[in-house]
Amino acid sequence: MVRSNKPSAIGLGASLPQSTVSINDNVVEASLPTGESVAIHLYGATVTSWKANGQEQLFLSEKAHLDGSKPIRGGIPLVFPVFGPPPQNHVTSPLPQHGFARNSNWEYLGKSSAEAADNQGDQAVKLDFGLSHTMLSEEFRKAWPYEFGLVYSVTLTKTSLQTQLQVRNEGTQNFEFQVLMHTYLNIADISAIRVKNLESKTYIDKTREATSHTETSPALAITGETDRVYQNLDPSVPIIVSSAADDQPLFSITREALADVVVWNPWIEKAKGMADFGPDEAYKNMICVEAGSVSGWQTIEAGDSWEGGQTIKSRL
Ligand SMILES: O=P(O)(O)OC[C@H]1O[C@@H](O)[C@H](O)[C@@H](O)[C@@H]1O
């Protein structure tokens, strides 16, 4: 495990103003010379902050546990290898809801040199995190006995945040998994946003005994508890969270190899019922748009790997 009690600074680029990376109390933070920053807790490799345009872009509950005692409520928890409550009589059945990735301690693998600049000539910083079978708690190792390696890459540019996961099967037997980037977007007012590019798509409504529907709205308003799994989307078509007032995009989310998107807001009662969600009214300040592969299972053969991810742009 990479551990450091003292902040360390690592520069990127020779002549350009430097990006910095620091590691403190199991939190890796990076910032660009232009002011954008990102923070990732090694617990869950959970991105807990992304600042761009001078503003925090991710919602983090005031009551979130940041001490590794519970998955972090907010930011971008990573769901793997099962989404939601595991099905019965399945290899994932012994696992907790949303699997083990968000409640395991990851290691910081360092900054990648591959992405020193984005296509506007601005700097970018890419941070890699790793989790493997041997790093899991004994409980999780027993519950999911596969030899695997995860590399989670978080790339910050001036205009975007990218999160990308590589899953490797390092064992001798095939395994299957689901994956989801459970992104809590920070918004000023849930009644003032719309979610676009879901029209005509099939979704499962988890608030209504998991029934299947077709989306009719070109710009979805969130007016109550919402927990929908939109299926088989084209990952290159961005999901847009826009301002209802002037239709300006607030966020756009494109995906790679992640064909499903969950839209979740707990609304009043569910928000009150979650001990780590606060304040109660904060359901108004978040919308989860979660890129994933969750309606079926991805199978990886022994020795193979899979890769998928999302790119979020804010206030385009
Ligand atoms: O409370 P958790 O385990 O973080 O899950 C939060 C929500 O996560 C969403 O992805 C699920 O669709 C919801 O059903 C669930 O309630």
Side-chain angles (χ1 to χ4, degrees), residues 41 43-48 58-87 92-104 140 143 163 165 177-187 190 195 198 201-213 215 220 222 224-233 239 241 253 255 258-280 282-297 308 310 312:
H41 277 63
Y43 186 69
T46 312
V47 179
T48 50
L58 299 177
F59 169 84
L60 180 65
S61 163
E62 280 180 10
K63 294 186 185 166
H65 295 248
L66 300 175
D67 60 356
S69 59
K70 214 178 172 307
I72 295 173
R73 176 72 63 201
I76 314 181
L78 189 61
V79 168
F80 177 92
V82 62
F83 166 66
T92 58
S93 298
L95 291 175
Q97 155 133 326
H98 292 339
F100 55 71
R102 65 176 184 164
N103 33 15
S104 293
F140 289 149
T163 59
L165 185 70
F177 68 92
Q178 297 176 323
V179 62
L180 176 112
M181 295 168 184
H182 197 307
T183 307
Y184 289 75
L185 299 170
N186 189 20
I187 53 172
I190 189 76
V195 186
L198 297 169
K201 303 302 174 199
T202 303
Y203 67 90
I204 303 291
D205 187 342
K206 291 175 73 180
T207 68
R208 290 193 264 164
E209 294 182 356
T211 44
S212 185
H213 304 265
E215 183 58 67
L220 180 69
I222 309 294
E225 186 194 350
T226 304
D227 192 357
R228 298 179 176 188
V229 184
Y230 289 88
Q231 301 173 320
N232 295 319
L233 307 182
I239 301 298
V241 176
I253 302 119
R255 291 89 56 215
L258 299 174
D260 304 317
V261 167
V262 178
V263 177
W264 180 63
N265 183 290
W267 214 249
I268 302 167
E269 292 310 319
K270 284 259 165 75
K272 280 189 192 154
M274 288 186 281
D276 61 349
F277 190 94
D280 285 352
Y283 74 91
K284 293 177 183 165
N285 306 125
M286 54 142 293
I287 177 77
C288 281
V289 177
E290 313 165 19
S293 175
V294 296
S295 10
W297 296 86
Q310 65 172 351
I312 314 170

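Every number for a ligand or one of its atoms is a count from 1 in the order of the listing.
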Between Glu225 and ligand 1, find which residue part has any heavy-atom pair under 4.0 Å and reply side chain, backbone, both or neither.
-> neither

Should Tyr203 and Gln231 be marked as a side-chain hydrogen bond (donor to acceptor under 3.5 Å, both in side chains) after you check the CA-CA gap, both sets of side-chain angles, and the distance that decides it?
-> CA-CA 6 Å; Tyr203 67 90; Gln231 301 173 320; over 6 Å; no

Just which atoms of ligand 1 are under 4.0 Å from any heavy atom in Gln97?
-> 2 (P), 3 (O), 5 (O)

Given side chains that start at C-beta, do those of Ile72 and Pro77 come closer than 4.5 Å, heavy atoms only?
-> no

Answer side chain, backbone, both or neither: which part of Arg73 comes under 4.0 Å from ligand 1, heavy atoms only.
-> side chain

Side-chain heavy-atom pair Met286, Trp264 within 4.5 angstrom cut-off | yes

Atoms of ligand 1 close to Val262 [distance to a heavy atom under 4.0 angstrom, numbered from 1] | 12 (O)

Going by heavy-atom distance to atom 11 (C) of ligand 1, choose the closest among Arg102, Lys206, Arg228, Lys70.
-> Lys206

Check whether any side-chain heavy atom of Thr183 sits under 4.5 Å from a side-chain heavy atom of Leu185, and report yes or no.
-> yes

Atom 10 (O) of ligand 1: closest protein heavy atom, distance to 0.1 Å, is Glu290 OE1, 2.6 Å

Atoms of ligand 1 under 4.0 Å from any heavy atom of Asp227, numbered from 1 in the order shown, are 11 (C), 12 (O), 13 (C), 14 (O)

Between Phe59 and Phe277, is the gap from one ring center to the other below 6.0 Å?
-> yes

Shortest protein contact, atom 8 (O) of ligand 1 (heavy atom only) = His182 NE2, 2.8 Å

Scan Trp297, Phe80, Phe83, Phe100 and name whichever one has a ring-ring contact (aromatic ring centres under 6.0 Å, His included) with Phe177.
-> Phe80

